Every structure is written in structure tokens, then in C-alpha cells.
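Shown next, in C-alpha cells, is the structure this report addresses.
Only this structure's heavy atoms are used, side chains among them; waters, hydrogens and symmetry mates stay out. No experiment lies behind these values; they were computed from the predicted model shown. Below, chains carry the letters A, B, ... as their sequence lines are ordered, and counting in each starts from 1.
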Amino acid sequence: MKDIAKIYNPSEVEDRIYDFWVKGNYFHAEVDENKKPYTIVIPPPNITGQLHMGHALDNTLQDILIRWKRMSGFDTLWLPGTDHASIATEAKIVEAMRKEGITKEDLGRDAFLERAWAWKEQYGGRIVEQLKKLGSSCDWERERFTLDEGCSRAVNEVFCRLYEKDLIYRGNRMVNWCTCCNTSISDAEVEYEEQDGKFWHLLYTVKETGEKLELATTRPETMLGDTAVAINADDERYKHLHGCHVILPLLNKEIPIVCDEHADMTKGTGVVKITPAHDPNDFEVGLRNNLPIVRTFTYDGRLTGAEDKKIADELIASGRATENEPEVLDCGKYAGLTISEARKVILADLEAGGYIKEVEPRKHEVGTCYRCHRTIEPMVSKQWFVRMVPLAKPAIEAVEKGETKFVPERFTKNYLNWMNGTRDWCISRQLWWGHRIPAWYCADCGEVIVSKADVCTCSKCGSKNVSQDEDTLDTWFSSALWPFSTLGWPDETKELKHYYPTNTLVTGYDIIGFWVSRMIFSALEYTGQVPFDTVLIHGLVRDAQGRKMSKSLGNGIDPLEIIEKYGADALRFSLATGNSPGNDMRFLPEKIEASRNFANKLWNANRFILMNLDENEPAPHIPENLAIEDKWIISRFNKLVKNVQNSLENFELGIAVQNLYDFIWDVFCDWYIEIAKIRLNGEDEHARNTARAVLVYVMSNTLKLLHPFMPFITEEIWLALPHDGESIMISKWCEYDERLNFPAEEDAMDLVMDAIRAIRNRRNEMNVPPSKKAKVVIVSEKAEIFGSCAAFFERLASASEVELTENYNPDGAVTVVTDAATIYIPMKELMDFSKELERLEKDLAKANVDKEFFEKKLNNPGFVAKAPEKVVAEQREQLGKVLEKIENLLAGIEDIKKQM
RNA sequence: GGAGGCAUAGCUCAGCCGGUAGAGCGUCCGCCUCACACGCGGAAGGUCACAGAUUCGAGUUCUGUUGUCUCCACCA
């Protein structure tokens, strides 16, 4: 028999096993109409990304589900891929170029895209390799990329269809503008941060009455773009000003006082300055009151000047301007200043002119870009939008009807809130890396042509002077199509028919709005079906202090380092343990060590079994002539199968893993293996064979249940044991079998184990070392059971011999009482009678408390009448046990007293 | 302002359908027992945040309070 290391070394095993699986082609899915499909599409990680704990958790959960379903006989597909992550990737490339002293504009679009693809080639594969280290059993042959040909085709198809249905439109709207990334971003991409700001109270002079009108603002630098001030129509303070005007300071421009519901009488002075081009609310006020929209900021965050004005004026003069086209102001002396510089200069000028009444400190939430965390500027800009109301409606209904379920259920509400509140989705981005918008503009007649195919000629005027929109689509636009674009949509492929709709989507609660909701409405619109039946939501992995892991804090834990040090199985096990759906979890070093120890325990249990096997040990089976302990462990294992199955079906992976841990460690290793040693070391060959067969049967099948959680070590061990089939990952999942329940043996073992524990406990209390063996005398009505298990006491309770008797006349014996037996250990030299008496009386007091508890319950007519029969019977049984124990204790006390 | 999570042993967390509270780590005691010291045996430690309600019975359901965290909206 070859040497097996005492300590399991995952790094020696994991890569080898992964290669073995890949060679066996076990991850690959081929449409099999005879099998029920089970499909998961991976949340595609960004190509710029490195595997972090969030990915590790997300993919561990997916791999557990997919491996379980694969073993359960489903035609399983786990479809992997990566996301081009337009803004994040472009930012990284631009940053890298900056270090070389090159800008995007230097390169031009085509050369830039070449660089981007090269980047993708270089880094896109990295995260995939990292997912493999984790053990992910994805079908790598079907790996996709959101910017690959198929996905791009789906994107164009969708864009055109939505445009034809007027669900996509282009227009001047208020958008969130990042002056750093130089692009618009969607509402979902804005993160609000509390900042210390100031509240400036300004004085605008009313032209007609000469009075000073006080209004307050947090953004004085936008005042050059003011085109009105608003008051509430019902505000008694300002009724005399209806129809009047104010003189805008610094510009000396006359702007109207308008009445609008937006002006809140209860806030501040009730007067609001209106800047339609640079504030979302003011934009709405502007539309309602037909106010001019005057843009004073450039898209790269400076104040507009003569050149900017000229361009805008030309556009307006050409007649090409569309609805809500903003005018542009030449800001004169302020032109070219950055927005923050402008604030200082404008404030200084207002101060000098006596226009500032007071300055008040104020905390407020400022919108920042989720990518670069710079302040977002609200800007009126011409962008493409998806009309959300008609699309959201069916998506809300489908979830309300339960066609897609969230686990845990509470996230349904989260989703519905998001869907109900969502505004039109700004989908165009001023970026190059992404799906270019399939729209062409005719320079001669202004026609907009949206087309799947490239356009060279204007369909309206025949001009060749057409050019494609420079912008690309929001990266989430393609992610939204992921569950079906990856299966070949818009073609009716056999994969799409078989694997779609997918089954489980596993993701974090942080992207329900970004991604989950968009997949649901997209799928309903284009495929007429929900994209998945269940969304399994998990929480964030936090650091030991409960903080979010982040780059800036530097508190992230690298899963790859953990894998290297402890093994992927230990990492996966840690992430699955104690994890309940939707809840955040902390990553503690102790936990990973505990998981590593568990793997090692398993390794050594197997080492023990292998050491005892014959060379020609038969494959796992249940042998004849089972001993009581065999029936007990088989019965317990059968229960484990049921529990694990139930837990997995309810997505309670943390509970499943806990059941496995307890069974393997506490039940199988600490009891069954120890007891099996009796027969293994004995002379009876039949008994030896039986014990070996049961060890192999239970171990091998338990490994199957554990395999989804710890794929590597279970495969390594399973292959080392006698086995049928080539790999555990394609072996048949265990099924609960009513015929393998042995309740009588379970009860009997409970009595015996209880007695063994009681003896150990008492010996410990008396500081008797395990090496000091002592005779054990058992007095019990269930002598037969104890008789058949006598050897267990020798092995596990330091018994030198076991005597069963109906009457025992103790002469200096320690008394140990359980509800099934009174046990005497003659150890006269160690006896202290008064202490012994004290102990027994203490036990008696405790037993009497228990007795009262159950009696009170059972004497309660309400309980007996209303509680389920089963519960009443259980309580009666408990009481019976307590009464027996009391009887045994009283007898023991009598004996002691006699001897004193 | 709206919505939601969490509050259980010293620490980190489980606890599904309501029926005298569990794990890991830590602590204490004893063991190198022929698979494993990444181990074995034993012990201590909890008014399950607080107050009500429902129920024969509540850590578990409902209402409120407090603390804490998160998401969404808004703040001119």
C-alpha cells in the first residue's frame, strides 16, 4: 500500500483534477432532448477585472448548483463569458495611453479600437483562468463575449426593433454627464455621496418694483444659465410679482418670474432660480414654462465661450436643431474656466456687486460617477433613450405573477420599486469601446436612418453624404440580452429552444437595477418569456471588520492567494458555510482554516479506509449481515441525503453544507469509524468485510453529496476508492431511500452513545486518564442492546470489561445514570462518596426540573387538545425518558447512601 | 422623505414548516488512543435588543420602540 500524506495538499491535486475534467469533456453540454435542461448563464465579469471575493462567492454558488444538477441527471449548461465593460475598459486604456503621452484623439477611432482589442486579448483571458482555479465547471467551448459577433448582432437587432416600435428615441434631455469620462451615464450609474457644501443666498433685483428678491442656491456657478426665477402661484408673499422680471446679476439680463409648482413655499424664501440646461428639475420647469435652455458648460467641464456659441448658433440657423436644442452662452470673461474655478470667480464678482446676502454651511448629497467618482454635471444633451414605461409594465406583471421568483423573496420588492420608478434609460455613451449605435445621419437632408446593415446612401434624398453615429451603447444594453444572445438569438437555434429560458440567475443585490431588471424586460420584449425562473441573490463579502472590500481601502482579500494557500475547496467551503441568501458575510481567516481542517479530516478518514481495504475491494454496495452500527450509519446517511436534497432545492446552501460537515465529522468520523475499528482489528473475516464495505459505501456516497461544494478533494478521494464510472462529477446523485431507514437501530445507538458520553463525562470529571481502564457494569431494561454493543464501551469508554446484570451490589462504584441505564464503574480507590452523592443529587434536581417542564405542558388541557398529535406524543416520550432517569438516579443515590 | 436588512454564547454567524437554543473560532480541563495535534475526549458560557399582541406554546408570526447597516428618491 502506497504512502499517503498525513496532510492533504490541495495544490498538488487541484490543477491535475481540473485537467482531468477538461480532458473528459465533462463540462460540455450538448442538446439532449431526452434530458431535462438546467441552465445558468454566468454574470459576465469585466475583461478588465481580476477575480475578487464577490466573483468567488458568485461562481461558487453557481458551480454548486450546476454540479448538483449535472449529477442529478439534468442536461446542464453553465454558459460562461466576459463583458466588454465599455466605460471601465476605455478608462483603463486611456489611462495607460496617458502614461505613454498619447490621447484617444491622437490615435483616432480605428487605431484606438485596435488597442482595445489587443487589451482584451491580453487581459480578457485572465479572469477566465482565475475562474478555472476556483473549479468552475463552465462549458468553456461556449464561452462568449458581449462584444463578439453574435452578441453584436443581437444588439443591432434589438436596437432596430425598438426604434421601429418607437421604444427608442433620440432627443435633447437632461442627462448625467461625467466631465472626466467625457460621456453621459445612466441614472443607475450615479452614486450619491454626502459632501459639505454651502448654501448661498443671492439677491436678484425685480425690474418692475426695484425690490431685492432673495433666493438660495448650492450651485452659484450655474447662474449665467438662469432663464427665469420661479415662485409658487399660491405664495402670498409674491402675488404682486406675477408677470414681473428680475435682472440677472453679472449679465444684466432680464429674465421672467414664472409661477411653477416646483417652487416650494415652505423651503427657503420660496424663490428658486431656474437653470434649465444644468438642473434636472429646472429642465422640467423650463419645458412647462417654455423657457429658453441656455447651456453655459462645455462637455469637458468648462464654461462656454464664443467658439462654442458659434457652433450652436450655426446648428440652429441650419434648421437641423431638434426639439429642446439648447442655446449656448458666450460666458465672456468666464469662458474657459473650469466649473470649480468659475464658482470662485463668479462668487467673487457677486460679492463685489453686493448680490450675496449670506452664506450658510450645508451638507448635501452630490451625484458622482460610479466609475471615476468625480462630480456629475446634469446637462442637456442629445442622446438616445429607451422608453421605459411600456417595457416595464410586462416586466412588473411577470414578476408579480411569479414567473420569475427572487430568493430570498424580499428582493421582489426591491425589483418592483426599481421598475416602477424607472425613467427613460439613456443608452448612448460618448465612448469608442462598445457597440456603435446603428444609426446614420444624412448631412444633406438631416434624415436619421437606423439599420442593421451599414448605410452608404440616404434613403430619403439619395445623398452619399451619410455618416454613422459616433457614439456607442451603454454596456448594460448588451448585458441585458445576455441570457438569449449567448444562445444564438435572434436565430431559433436548437440551443435557444432547449436551454432557454434559463433556470437560475445567481447575482448580488447590488445589480438588481443595473442588470436583472433589464434582462427581464428585454427578454419579455424580444423572446416573450422571462429569462430565468429564479434569481438567487447573495450578499457582499466583507472584510473581518465588516467593511466593504475595496481598492481604495486596500482591505480586499485575493481569492487566488487563498486558493494557493488553503485550496479552492477550502475557499468554496468557507463561502458556502453560514451563507444565507441575500445576507452579507464577513470573510474571517479562522473560517478558512476551519474549512482547510475539514478537508484534511476528510482526507485522513479516507486514508484510514484505504489502509484497511483489500486489493480487490468491490465497488460501493450495501453488504449482507449488517451490524447494528452499520444500519445506524446507513440510516443516518439516508437522512443526510434527504436533508441535503431539501436544502439544495430551497437554495439553502449554507444549511446543506452544515449538514454535511456535521455528518462527516461528528457522525461518521468520530463514531462510526471508531466503532468500525473493532471489527477491522478483529479476527472475524466476514465481519471485517462487512465493515469495510459499509465504510466504502458511506464514504463514497457522502463524497458525492459533498462534491458540489468541494469538487477537487472529493474527486481525488472518490477515484482512490473502489468506484463505478470514470469521475465523481458525472456519477449519479444519491437518492433518499425509504428502505434504508432503520429506526430501531438508530434508537438503540442513541442509547449506547448516550451511555458512552455519560461515562466519558464522569471519568473526565474525576480526572481519570483514558489509559486507566475500568470495568463497566450496566444495569438496564434494555440489556440486549447494551450487550450487542459491549465492545463499543471498551473502545470508546475506556472499559476493561463490560458486565450486564439485573442486580448489582455496588461496593465503591461510581454511578453514571442515563435515561436507559444505570452504570457502575467500580473504582473504589478514586471514590469520594459525598462528592458522588452531590453529583447524583445535582443530576436529580436537573431531571426534576425537566420533569416539571414536560408535566406542566402535558397537564395543560389546551396543549393536549390543540397541539398536533405527533408533538404531544413526542413530549410524552421525553417525559417518559426523564421519569426513567429519575428512577435510575434515585436507585443510584440509595446505593451510595448504603455504602457511606 | 420612501423601502429593506440586521440585533442569538467572548468573537463571527446558522437556526427551513412556531414545540425546553446550534456551529466555527476563542476560553478552561485532560489526552502524542495504531486516519488525522489542521487531531481526540470533556467542560464552562445565552431572559435569543426592548415593549406589547396572536397562540396551548414565540428566537421563530404581527405591531411599536431603540440601535445599526444598506438601497432608492430629493434637497432649488
Starting at [atom1] of [X] and ending at [atom2] of [N], how long is that distance when rounded to a whole Å?
X        : N     : atom1 : atom2 : answer
A:Glu794 : B:G41 : CD    : P     : 19 Å
A:Phe853 : B:G57 : CZ    : P     : 13 Å
A:Asp662 : B:G15 : CG    : C1'   : 12 Å
A:Tyr566 : B:C25 : OH    : C1'   : 13 Å
A:Asn420 : B:A73 : CG    : C1'   : 14 Å
A:Tyr415 : B:U70 : OH    : C1'   : 21 Å
A:Leu540 : B:C13 : CG    : P     : 13 Å
A:Asn860 : B:U55 : CG    : C1'   : 11 Å

Exercise. Does B:A7 have a Watson-Crick or wobble partner in any strand here, with both distances under 3.5 angstrom, and which is it?
Worked result: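 Pair assignment: B:A7 / B:U66.
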Output a table of nitrogen or oxygen pairs between the protein and nucleotides 4-11 of chain B separated by less than 3.5 Å.
unit_1: B:G4; atom_1: OP1; unit_2: A:Lys413; atom_2: NZ; d: 2.7

Can you list everything that forms a side-chain contact (heavy atoms from CB on, under 4.5 Å) with [X]? Sequence neighbours excluded, please.
X        : answer
A:Lys357 : A:His201, A:Leu203, A:Glu214
A:Arg839 : A:Arg762, A:Glu765, A:Met766, A:Glu836
A:Thr412 : A:Val399, A:Phe406, A:Glu409, A:Leu416
A:Thr818 : A:Asp754, A:Ala755, A:Ala758, A:Ala820, A:Ala821

Problem set entry | Pairing residues for A:Asp584 by the salt bridge (Lys or Arg N to Asp or Glu O under 4.0 Å) criterion, not counting sequence neighbours |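 A:Asp584: salt bridge (Lys or Arg N to Asp or Glu O under 4.0 Å) contacts with A:Arg542.
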Problem set entry | For A:Arg876, all residues meeting salt bridge (Lys or Arg N to Asp or Glu O under 4.0 Å), sequence neighbours excluded | none
Exercise. Pairs in or reaching into residues 563-594 of chain A: which pass ring pair (Phe, Tyr, Trp, His ring centres under 6.0 Å), with residues at least two apart or in two chains?
Worked result: A:Phe573-A:Phe598
Exercise. Looking only at atom P, what distance separates B:G24 and B:A43, rounded to whole Å?
Worked result: 14 Å
Exercise. Taking everything shown except A:Lys773 itself, do over 12 heavy atoms lie less than 6.0 Å from its NZ?
Worked result: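 Atom NZ in A:Lys773 is crowded, with more than 12 foreign heavy atoms closer than 6.0 Å.
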Exercise. For A:Asn681, what residues pass the side chain to side chain donor-acceptor pair (under 3.5 Å) criterion, not counting sequence neighbours?
Worked result: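 A:Asn681 satisfies side chain to side chain donor-acceptor pair (under 3.5 Å) with no residue once adjacent residues are dropped.
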Exercise. For RNA chain B, which residues in residues 873-882 of chain A have a heavy atom at a distance below 4.0 Å?
Worked result: A:Gln875
In residues 848-856 of chain A, what donor-acceptor pairs under 3.5 Å come from side-chain atoms, sequence neighbours left out?
unit_1: A:Asn848; atom_1: ND2; unit_2: A:Leu844; atom_2: O; d: 3.3
unit_1: A:Asp850; atom_1: OD1; unit_2: A:Lys846; atom_2: NZ; d: 3.0
unit_1: A:Asp850; atom_1: OD2; unit_2: A:Lys846; atom_2: NZ; d: 3.0

For this session: Describe, in one word, how the ring planes of A:Tyr509 and A:Phe411 are oriented to each other, choosing from parallel (under 30°), tilted (30 to 60°) and perpendicular (over 60°).
Result: parallel
Problem set entry | Phosphate-side-chain proximity, A:Asn761 and B:A43, N/O vs OP1/OP2 below 4.0 Å |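 The answer is yes; a side-chain N or O of A:Asn761 sits under 4.0 Å from OP1 or OP2.
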Seminar exercise, completed: A correct 5'-to-3' footprint of nucleotides 33-38 of chain B, with B, S and - meaning base, sugar-phosphate only and no protein heavy atom under 4.0 Å, is --BBSB
